[in-house]
S.K.: 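Have a look at the structure that comes next, please.
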Amino acid sequence: MGSWIRGRTIGRGSTASVSIATDAQSGDVFAAKSAKLSKSEFLQREQRILSSLNCPQIVGYIGHDETTEQGQTLYNLFMEYVPGGTLTELVQKQGGSIKESEIRAHTREILRGLSYLHSRGIAHCDIKGRNVLIGADGAAKIADFGCAKWNYENCDGMAMSGTPAFMAPEVAREEEQGIKADVWAVGCTVIEMITGHPPWPELEDPISAIYKIGFSDEVPKIPSSISEELKDFLGKCLRRDGKERLTVDQLLKHSFLVDSTSKNSPTSVLDQDFWDSFEEEEEMERASSSRDGENSSVSERMRQVSCLRAPIWDCEENG
Ligand code: 3AM
């Protein structure tokens, strides 16, 4: 990477921030995600994963470097700049719900990106509206690989990560986090496109969310205002038993995505979005340094969760 100029910041987390950047020679615009070198372990992981990918439905990798700015050494990851904001913002701008034809298109794009990832043995582990960017052509691209994992990766000592409201039951129980959990999160993201909010709006905080998701026998409420095909599609993502969930390739053949006739546009608006943001990088750092071992009881797990997550609920997740 040659010389480049940092422009305005478009997102900020506790360890990484994203700015617009311009190539000094060509004038090309791209996005730079930067962290202090000493805190860049997760950004460097993201670089290793993103640099191995090339798919229109995944934010494009450009390169990386290190710079010294205001006396600090920074690690910078360069990506294509995706100008249309996040899927969450798109839904909010349209009043908290988008048409089924749009849900169909974006769900298809997300699943195509995931199909590419999963075929390479990679699970994203944090699919949600805020991690889906909208390109100049209106199509969705998956971003933020800060939590992604290779399936064969030994996860011992590596905390489960992601955003509570989008966590699959097996992730909430800290049993496993793989490609099946991405399918659950696709279901949650579809709920976000229908209602303008993550699933489980009735739960008041991340601890009760994790407890209910992990240890009850419930699934997120499926809005009644949607087409039968979309209800069926959601039902096939949101199976508590990961083995019963369809794969992304099976979902791509589901009648909701194949059938292009337009369906009713839902309007229900639910009222809670406190967990929309979540600082997973900091959480992963804290979690991996303070976990007590594999055989925690439920109450012990809840204690850990409350210790680990309480200080960061209010953080804006931008990492
Ligand atoms: O802070 P929010 O969630 O609104 O949209 C991304 C996110 O916005 C944006 O930076 C914020 C922190 O991740 N972002 C990330 N990567 C981007 C990219 N490649 C990007 N915006 C444009 N292009």
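Computed over heavy atoms, backbone and side chain alike; hydrogens, waters and symmetry mates excluded. In each ligand, atom 1 is the first atom listed, and ligand 1 is the first ligand listed.
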S.K.: Run the numbers for me: atoms of ligand 1, each under 4.0 Å from some heavy atom of Tyr81, listed by number.
M.R.: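 In order of number, 22 (C), 23 (N).
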S.K.: Does the ring of Tyr116 carry Arg120 above it, NZ/CZ under 6.0 angstrom from centre and within 45° of its axis?
M.R.: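 Yes, cation above the ring, under 6.0 Å and within 45°.
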S.K.: Which bit of Leu133 gets closer than 4.0 Å to ligand 1, counting heavy atoms only: side chain, backbone, both or neither?
M.R.: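 Looking at Leu133 and ligand 1, just side chain atoms fall under 4.0 Å.
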S.K.: Regarding Asp65 and Trp4, is there a side-chain donor-to-acceptor distance under 3.5 Å anywhere?
M.R.: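 The criterion, which ignores hydrogens and geometry beyond distance, is satisfied for Trp4 and Asp65.
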S.K.: Would you call Lys33 a ligand 1 contact, heavy-atom distance under 4.0 Å?
M.R.: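 Contact check Lys33 vs ligand 1: negative.
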S.K.: Which atoms from ligand 1 have a heavy atom of Arg130 less than 4.0 Å away?
M.R.: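 Result: 1 (O), 2 (P), 3 (O).
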S.K.: If the cut-off is 4.0 Å to any non-hydrogen atom of Val59, which atoms of ligand 1 fall inside it?
M.R.: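 Under 4.0 Å from Val59, ligand 1 has these atoms: 19 (N).
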S.K.: With heavy atoms of Gly11 as the reference, note each atom of ligand 1 found under 4.0 Å away.
M.R.: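 The list of qualifying atoms is 11 (C), 12 (C).
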S.K.: Kindly indicate whether a cation-pi arrangement holds for Arg104 with Phe256, taking the cut-offs as under 6.0 Å to the six-membered ring centre and within 45° of the axis.
M.R.: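 Yes, a cation-pi geometry holds between Arg104 and Phe256.
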S.K.: Could you tell me how the ring of Trp200 sits relative to the ring of Trp184: parallel (under 30°), tilted (30 to 60°) or perpendicular (over 60°)?
M.R.: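 Plane angle under 30°, so parallel.
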S.K.: Less than 3.5 Å between some nitrogen or oxygen of Glu89 and one of ligand 1, yes or no?
M.R.: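 Yes - when backbone and side-chain N and O of Glu89 are compared with those of ligand 1, one distance drops under 3.5 Å.
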S.K.: Using a 4.0 Å heavy-atom cut-off, say whether Ala143 meets ligand 1 through its side chain, its backbone, both or neither.
M.R.: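 No part of Ala143 comes within reach of ligand 1.
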S.K.: Is there a side-chain contact between Leu238 and Ile191, using heavy atoms and a 4.5 Å cut-off?
M.R.: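 SC-SC contact between Leu238 and Ile191 confirmed.
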S.K.: Decide, yes or no, whether a salt bridge links Lys141 with Glu80 under the criterion of side-chain N to carboxylate O below 4.0 Å.
M.R.: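 Yes, Lys141 and Glu80 are salt-bridged.
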S.K.: Under a 4.0 Å threshold between the charged nitrogen and the carboxylate oxygen, would Glu228 count as salt-bridged to Lys231?
M.R.: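 Salt bridge: yes.
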S.K.: Residue-level breakdown please: for Glu80 versus ligand 1, do any non-hydrogen atoms fall below 4.0 Å on the side chain, on the backbone, on both, or on neither?
M.R.: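 Looking at Glu80 and ligand 1, just backbone atoms fall under 4.0 Å.
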S.K.: Please could you name the atoms of ligand 1 that Val82 approaches to less than 4.0 Å, counting only its heavy atoms?
M.R.: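 In order of number, 18 (C), 21 (N), 22 (C), 23 (N).
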